[in-house]
Amino acid sequence: MSASTSSSDAGSARYNAREVEQRWQSTWDERGCFTAVRDTTRPKYYVLEMFPYPSGRVHIGHVRNYAMGDVIARYKRARGFNVLHPWGWDAFGLPAENAAIERGEHPAKWTYQNIDAMRAQLKKMGLSVDWSREFATCDPEYYAQQQRLFLDMMAAGFVYQKSSMVNWDPVDNTVLANEQVIDGKGWRSGAEVERRELTQWFCRITDMAEELLTAIDDLDKWPDNVRLMQRNWIGKSTGLSFDFEIAPNDLTDETSLNVYTTRHDTLFGASFCAISVDHPLAKTLEDEIDGLAAFSAECRKIGTSEEAVEKAEKRGFDTGLKVRHPFDPDWLLPVYVANFVLMDYGSGAIFGCPAHDQRDLDFARKYSLDVVPVVCPTDQNADSFAIEAEAYVGPGRIINSRFLDGMDIEDAKAEIAKRMAAAGQGSPKVNYRLRDWGFSRQRYWGCPIPVIHCKTCGPVPAPIESLPVKLPEDVDFNTPGNPLDRHPTWKHVACPVCGAAAVRETDTMDTFADSSWYYARFTAPRCEEPTDADEVGYWMNVDQYIGGVEHAILHLLYSRFWARAMHRTGWLPETAIEPFDALFTQGMVCHETYKSPDGKWLSPDEIKPVEGGYVVTETGAPVTVGPSIKMSKSKKNVVDPEDIIAQYGADTARWFMLSDSPPERDVEWTTAGAEGAWRFIQKMWRLVNEGAAECSHATMPPSNLSDDALSLRKITHKAIDGVTSDIEGFAFNKAVARIYELVNAVSRVSGSTAHGMDFARREALETLAIMSSPMIPHFAEEAWARLGSETIVSETPWPVADESLLKDDLIVLPIQVNGKRRSEISVAPDASKTDIEALAMADDAVQRVLAGGPPKKVIVVPGRIVNVVV
RNA sequence: GGCCCUGUGGCGGAAUUGGUAGACGCGCCGGAUUCAAAAUCCGGUUCCCUUGCGGGAGUGCCGGUUCGAUUCCGGCCGGGGCUACCA
C-alpha cells in the first residue's frame with residue numbers, strides 16, 4: 001500500500017489526499033465557511049460534541065466522536081440551517097498537576113502546550129468548526145465568569161458550606177465526590193479511600209431531585225439507557241418515616257428512634273432495629289458501652305474496602321436498648337448497631353423484617369433472631385409457608401399481622417400509614433439516593449472558589465469587581481497537599497465587609513463545574529458577563545449533543561442542575577433548563593491486542609504480518625493475538641490518528657470510522673478496514689475523472705431518456721432519499737452503504753453512451769459529491785471542482801429527491817406457500833388484491849404445489865407479499 | 001444481588017418494526033489484464049444434499065401466538081454495561 005506516494009496533479013488518476021486536504025482546509029478558512037453568526041432569518045442548529053481533555057495527543061476515539069459531530073454539522077448546514085459548531089477544552093484537572101509534580105512543568109504551560117499540539121492534529125481532520133469561539137476552561141476569562149455564577153448561586157442558596165465526612169484520596173491528597181469513588185477506591189489513583197471530616201462546599205442538587213427526575217420523561221431524544229441511568233441515580237423511593245419509642249434505660253436520654261421504610265406492610269414481621277455506626281445515637285452509646293467504639297471503628301475501616309462490600313457479611317453489635325413495637329407496647333425489639341445500615345440514606349436507622357429482606361435475614365440468622373413470615377405468596381398455604389435461606393420479596397397476602405391479615409401489600413401499607421398518621425407517630429416520606437454535590441477540591445489546577453473567610457464576618461463572597469480570583473503563578477508542587485493553601489501571600493486579603501485581615505478560600509471547584517455550563521458560554525464566548533441574553537436566547541439549546549456513555553450520569557446530571565441554577569439566577573432563559581435537546585452516545589474504538597512470548601504487550605507497529613499470524617518485527621518471535629478491546633496505553637493497542645492521517649488522509653480515517661459499525665456501538669480499528677476505505681476513495685476519484693469528461697451540464701434532463709439513463713437517475717434519487725433519512729437517524733453506516741450502491745451503479749454504466757446518460761451520470765456524480773461531503777469533505781470539494789462546478793460543496797444545498805423517480809413501474813412481490821418463499825411475480829405498485837391473487841394463482845410454482853386442488857386460504861398484502869395456504 | 005442492553009454467514013453488520021433473512025463492506029475462491037506482481041475489472045461466496053434441475057435446514061436454545069416471527073410473548077443459556085448493603 002503506497003497511499004502516500006501519489007501524484008500532486010488533481011486531474012491524474014491517483015488522488016493525493018495530503019495535498020488536497022491541506023488546500024481545502026485553507027479555502028474553508030479563508031472563506032470563513034464555518035463562522036457562526038446570529039441570524040434570526042434562518043433556523044439555527046447547535047451541534048456539540050463533548051469537549052476533550054487536553055491530554056496532549058489526539059486519540060482515535062476523538063476522531064470517531066468528532067467525525068460524527070462533523071457529519072451532523074455539515075449536513076445541517078447543507079440543509080439550510082445556521083449551524084453553531086464550536087470547540088473548547090476541558091482544561092482543568094489532576095493530570096496537569098501530576099505532570100507538574102513529575103516533570104516540574106507548570107500546569108498552565110503543560111496544558112496550553114497540549115492544547116496547541118492537539119489543535120494542530122485536529123485541524124488536519126478538516127472539521128467544520130468555528131474556531132473563533134474556542135476557549136479553554138482554564139482561561140481566566142472563562143473561570144472569571146464561572147466565579148460570577150458561583151457568587152450568584154451562593155446568593156440564591158444553591159451552594160452552601162457544611163462540615164461533613166468526605167472521601168479522602170490519600171494518594172492524590174484530595175476529596176472525591178461519592179461518584180468518584182469506585183469500589184471504595186479513588187477513580188483516578190485507585191488508592192483506598194479514607195474518611196475524613198472537612199468543611200466543604202456543596203451544590204444543593206437534592207433540592208431539585210424531583211424536578212430533575214420528572215423532567216427526564218420529556219427528554220425523548222435522549223437514549224433510553226441514559227434516561228434510565230439518571231432515574232436510577234436519583235433513586236426516588238416512597239415510604240414511611242416513623243418513630244419507635246425507646247424503652248426506659250440508663251444508657252441514653254433519647255426517647256425515640258426514627259426509621260424509614262418502604263415495607264411498612266411487614267411491620268408485624270419485625271424482629272430487630274438497626275442503626276448505622278455513624279448514627280448520633282450510636283456515637284452517644286460508644287461512650288457508654290464497652291466494645292462498641294472498637295466495633296464501630298472496625299466497621300468504618302472495612303466499610304470502604306471493595307472486598308468487604310462484595311462479601312457483605314452482616315455484622316451487628318447489640319446495644320441492649322429496646323424499642324416498643326408501634327402497635328404493641330409490650331412487644332420489645334432489640335436495637336443493634338449494624339454495619340450494613342447507611343447513615344446518609346433515610347434516617348440511618350431501620351427496622352429489620354428478616355422474612356422479607358435478604359440483608360435482614362442474613363443478619364437474623366447470624367444473631368438467632370426470629371424469622372416470622374408476614375407475606376404469603378398466593379400459591380402457598382399460610383400455615384405451612386416458611387422462610388429458609390431466601391427472603392420472600394414477591395407479592396402475596398398478609399399473614400401473622402393482626403389487623404392486616406388477608407390484605408394485599410398495598411392495602412396493608414395504606415392501613416399502617418393511616419394509623420400512624422392518626423396517632424401522630426409517622427408520616428409518608430419520599431427519599432432520594434441522590435446526594436448533594438460536594439465540589440470542593442484541595443487542588444491548585446481548578447477554578448478558585450471566590451470566597452473570603454473572615455473571623456468575624458464568616459464566609460464572605462469576593463466582590464464581583466475583584467473577579468477573577470486568579471490562580472497565582474508562582475506555586476510549589478514539591479510538597480504534597482494544596483499549593484494554594486501553602487502559598488506565602490495569595491490567600492491573605494482584607495475582609496470585603498469589615499476590612500480586617502482575612503483569608504481566601506483555598507479550595508478550587510470540581511472540574512465537573514467547568515463542564516456544566518461551557519455549552520452556554522459558546523454562544524457568546526467573549527462576553528463580559530457569563531452569558532449574553534440575545535446570543536444565548538438565539539443559540540440555546542444544544543440541538544444535538546454527542547459524547548461517550550461514560551458521562552451518562554455525572555456530567556449530564558450536573559449540567560441539567562447547573563442550567564436550572566443559571567436560569568434562576570438570570571443567566572439562561574427558562575427554555576434552556578434542559579440544555580441538551582437530543583443526546584447521542586457513541587461507542588468506543590477497539591483494537592486487537594498483541595503479546596510477545598514473554599507476555600509483554602506489543603503495539604501494532606512493533607509487529608508484522610506473516611503467514612498465519614504475526615511476528616515481532618525486531619526479533620521474529622511469534623505474537624499472540626488477543627481480543628479486540630478498548631484502546632488503552634497500558635495494553636498498547638492504540639493507533640495514532642496522526643499516522644493514519646499522514647498515510648491515508650483525514651477522509652479515509654473519517655470514512656472508515658463511520659462505515660460498518662452503527663455509531664452507538666463499539667467499532668474495531670483494522671488496517672484492512674482503513675485500506676478498504678482508502679481504495680473506495682480512489683475508486684470514486686477514478687469515476688469522477690472518467691465522468692468529468694463525459695458530462696452534460698444541462699440543467700434539465702433530455703426528453704426520452706434511455707432505460708439505462710432513467711434507471712441511473714432512479715438509483716440516484718433513491719440514494720438521496722435513503723442517505724438523507726439515514727443521516728437524520730444517526731445511521732451513518734447505512735448511509736455509507738447506500739453511497740457504495742450509487743458508486744457501483746455509476747461504475748456499471750462506465751463508458752455507456754446511451755441517450756441521456758451524460759446527464760444522468762453528472763447528476764449521480766454531483767449527488768455523490770454532496771452526499772459524501774459530510775463524511776469526506778475534502779474529497780467532496782475536490783470532486784465537485786473536478787466536475788466543473790464554480791461553487792464549493794460546503795456552501796451548496798443538500799439535494800432533494802424527485803418523488804416521481806422514487807416509484808417503480810413494477811414491483812417484485814414474493815409468493816409464499818405456507819410461509820415459505822416459492823416464487824415471485826412482478827406487478828404494478830397499485831395492483832388490486834384480486835389481480836395480484838389471480839397472478840399468484842397462475843404461477844407455475846403455486847400450481848405445482850396445489851396440484852389442481854383449491855388453496856385453503858390466500859393472503860394478499862398489496863405491495864408486500866402473497867401467502868398461499870394449502 | 002438489582003436494573004438495562006445484546007446474541008444474525010469466516011468477519012463488521014442490513015432487514016422499511018410482523019411480510020423475499022444475509023443489503024453494503026471486509027475476507028476468501030475463480031477468471032480477465034500482466035513476462036510477473038501490485039493496482040484494477042468481471043463472476044462466485046449462509047450451511048447441507050444434488051453433475052444439473054431442484055430440495056432441505058437456518059437469525060443462541062426450548063416452547064407459544066400467527067397465514068407468516070430475526071421482529072411479539074414465556075422459560076433457559078452465553079456476552080456486555082450501569083449500579084451496588086438505598087431499608
Side-chain angles (χ1 to χ4, degrees), chain A residues 1-2 13-14 182-184 223-229 231-233 235-237 239-240 259-264 266 274 276 303 306 308-314 338-342 344-353 356-360 362-363 393 431-435 549-550 552-553 628 656 659-662 664-668 670 672-677 679-680 682-683 686 722 725 731 733-741 743-744 747-748 750 812-824 855-861 863-870:
Chain A
M1 173 69 37
S2 56
R14 210 73 167 147
I182 294 153
D183 293 332
D224 286 341
N225 63 337
V226 173
R227 296 208 278 171
L228 187 80
M229 279 189 241
R231 283 195 189 98
N232 289 344
W233 191 259
K236 181 180 183 175
S237 79
L240 188 74
V259 300
Y260 174 75
T261 180
T262 56
R263 289 302 303 272
H264 26 301
T266 65
S276 164
E306 179 183 18
V309 174
E310 199 109 320
K311 293 200 173 132
E313 197 204 356
K314 307 291 176 281
N339 65 345
F340 66 95
V341 181
L342 305 172
D344 43 9
Y345 186 78
S347 62
I350 60 154
F351 81 82
C353 174
H356 305 291
D357 182 290
Q358 192 59 45
R359 291 158 305 174
D360 296 348
D362 295 344
F363 190 82
V393 294
N431 249 311
Y432 300 92
R433 289 181 31 154
L434 186 69
R435 313 280 154 73
V549 75
E550 66 273 20
I553 298 171
S628 183
F656 176 47
S659 21
D660 290 352
S661 282
E664 67 276 13
R665 237 186 271 184
D666 291 351
V667 66
E668 187 186 352
T670 61
E675 283 173 3
R679 276 202 302 270
F680 172 72
Q682 291 297 340
K683 179 176 180 173
R686 278 194 305 274
S725 58
N733 56 324
K734 288 194 265 172
V736 163
R738 287 186 208 272
I739 289 174
Y740 271 110
E741 281 174 337
V743 164
N744 289 342
S747 167
R748 269 197 301 277
S750 178
V812 174
L813 230 49
I815 301 179
Q816 295 183 333
V817 175
N818 292 336
K820 292 252 175 220
R821 184 185 169 282
R822 291 297 164 185
S823 184
E824 58 188 34
K856 240 187 235 163
K857 198 173 173 184
V858 180
I859 289 124
V860 179
V861 185
R864 281 285 161 85
I865 205 163
V866 179
N867 192 8
V868 180
V869 187
V870 294

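Letters go in sequence order (proteins before strands), and every chain restarts at 1.
Heavy-atom nearest nucleotides on RNA chain B were determined for A:Lys857 and for A:Tyr432, and the one closer to the 5' end corresponds to A:Lys857.
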Practice prompt. Evaluate side chain to side chain donor-acceptor pair (under 3.5 Å) for A:Ser237 paired with A:Tyr260, printing each intermediate quantity in order.
Written response: CA-CA 11 Å; A:Ser237 79; A:Tyr260 174 75; 2.9 Å; yes
Item to complete: Carefully, step by step, assess A:Phe340 and A:Asp360 under the rule side chain to side chain contact (heavy atoms under 4.5 Å, CB included).
Response: CA-CA 10 Å; A:Phe340 66 95; A:Asp360 296 348; 3.8 Å; yes
Discussion item. Pair A:Val869, A:Asn818 - check side chain to side chain contact (heavy atoms under 4.5 Å, CB included), show working.
Written reply: CA-CA 5 Å; A:Val869 187; A:Asn818 292 336; 3.7 Å; yes
Discussion item. Using side chain to side chain contact (heavy atoms under 4.5 Å, CB included), reason through A:Arg679 and A:Gln682 one step at a time and then give a plain yes or no.
Written reply: CA-CA 5 Å; A:Arg679 276 202 302 270; A:Gln682 291 297 340; 5.5 Å; no
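Here B:U65 sits opposite no nucleotide as a Watson-Crick or G-U wobble pair (both hydrogen-bonding atom distances under 3.5 Å). With both pairing distances under 3.5 Å, B:C41 is matched to B:G31 as a Watson-Crick or G-U wobble pair. Look at B:C82: its Watson-Crick or wobble partner, with both distances under 3.5 angstrom, is B:G2. With a cut-off of 3.5 Å on both Watson-Crick or G-U wobble distances, the partner of B:U20 is given as none. Base pairing annotation: B:C47 forms a Watson-Crick or G-U wobble pair with B:G56, both donor-acceptor distances under 3.5 Å. When Watson-Crick and G-U wobble pairs are counted only if both distances are under 3.5 Å, B:A36 pairs with no nucleotide at all.
Checking the phosphate oxygens (OP1, OP2) of B:G27, a side-chain nitrogen or oxygen of A:Arg679 falls inside 4.0 Å. For B:U83, neither phosphate oxygen OP1 nor OP2 lies less than 4.0 angstrom from any side-chain nitrogen or oxygen of A:Arg433.
Atom name P, nucleotides B:G63 and B:C47: the rounded distance is 26 Å, in whole Å. Comparing B:A14 with B:C76, their P atoms sit 28 Å apart, to the nearest whole Å. Of the C1' atoms belonging to B:U17 and B:G2, the separation is 30 Å, rounded to the nearest Å. Only the C1' atoms considered, B:G13 is 29 Å distant from B:U66, to the nearest whole Å. One C1' atom belongs to B:A15, the other to B:A21, and the distance between them is 7 Å to the nearest Å. For the P atoms, the distance linking B:U71 with B:C61 amounts to 11 Å, nearest Å. Taking atom P in both B:G52 and B:U8, one finds a spacing of 31 Å when rounded to whole Å. Comparing B:U59 with B:A23, their C1' atoms are spaced 16 Å from each other, to the whole Å.
In B:U17 the O4'-C1'-N dihedral to the base is within 90° of 0, which defines a syn nucleotide. With its glycosidic angle within 90° of 0, B:G9 is assigned syn.
Put simply, the side chain of A:Lys683 reaches to within 4.5 Å of the side chain of A:Asn744, judged on heavy atoms.
For the pair A:Glu675 CD and B:G12 C1', the computed distance is 16 Å after rounding to whole Å. Nucleotide B:C85 holds its C1' atom 12 Å from the CG atom of A:Asp344, rounded to whole Å. Atom CG of A:Asn339 is separated from atom P of B:A87 by 17 Å (rounded to the nearest Å). Rounded to an integer number of Å, the gap from A:Asp362 CG to B:G1 C1' is 11 Å. The distance from atom CG of A:Leu342 to atom P of B:C85 is 6 Å, rounded to the nearest whole Å. As rounded to whole Å, 14 Å separates atom C1' of B:A84 from atom OH of A:Tyr345. The distance between atom CD1 of A:Ile553 and atom P of B:G81, rounded to the nearest whole Å, is 14 Å. Counting to the nearest Å, the P atom of B:A87 and the NZ atom of A:Lys314 are 14 Å from each other.
Closest approach of A:Ser659 to A:Asn733, counting heavy atoms only: C-CB, 4.2 Å. Nearest heavy atom pair, residue A:His356 against residue A:Val393, reads O-CG1, 3.6 Å. Across every non-hydrogen atom of A:Met229 and A:Ala552, the tightest pair is SD-CB, 3.9 Å.
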Nucleotides 2-11 of chain B: which of its N/O atoms have a protein N/O under 3.5 Å away?
none

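Within the model, atoms CD1 of A:Ile350 and CZ of A:Arg359 stand 6.5 Å from one another, a figure rounded to the nearest 0.5 Å.
We find that A:Arg227 and A:Asp224 are joined by a salt bridge, their nearest charged nitrogen and carboxylate oxygen being less than 4.0 Å apart. Taking the charged nitrogens against the carboxylate oxygens, A:Asp357 and A:Arg263 have no contact shorter than 4.0 Å, which rules out a salt bridge.
Remark: A:Arg822 engages no residue in a salt bridge (charged side-chain N to carboxylate O under 4.0 Å, His left out) (not counting sequence neighbours).
At the heavy-atom level, A:Ser659 lies nowhere under 4.0 Å from the strands shown. Among the protein residues, A:Val259 comes within range of no part of the nucleic acid, since none of its heavy atoms lies under 4.0 Å from any strand. Within 4.0 Å of A:Arg227, counting heavy atoms only, lies no atom of the nucleic acid at all.
When distances run from any side-chain atom of A:Ile350 to the nucleotides B:C41, B:A57, B:A87, the shortest one goes to B:A87.
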Item to complete: Scan nucleotides 18-24 of chain B nucleotide by nucleotide, 5' to 3', and note B when protein non-hydrogen atoms come under 4.0 Å of the base, S if they reach only the sugar-phosphate, - if neither.
Response: -BB--BS
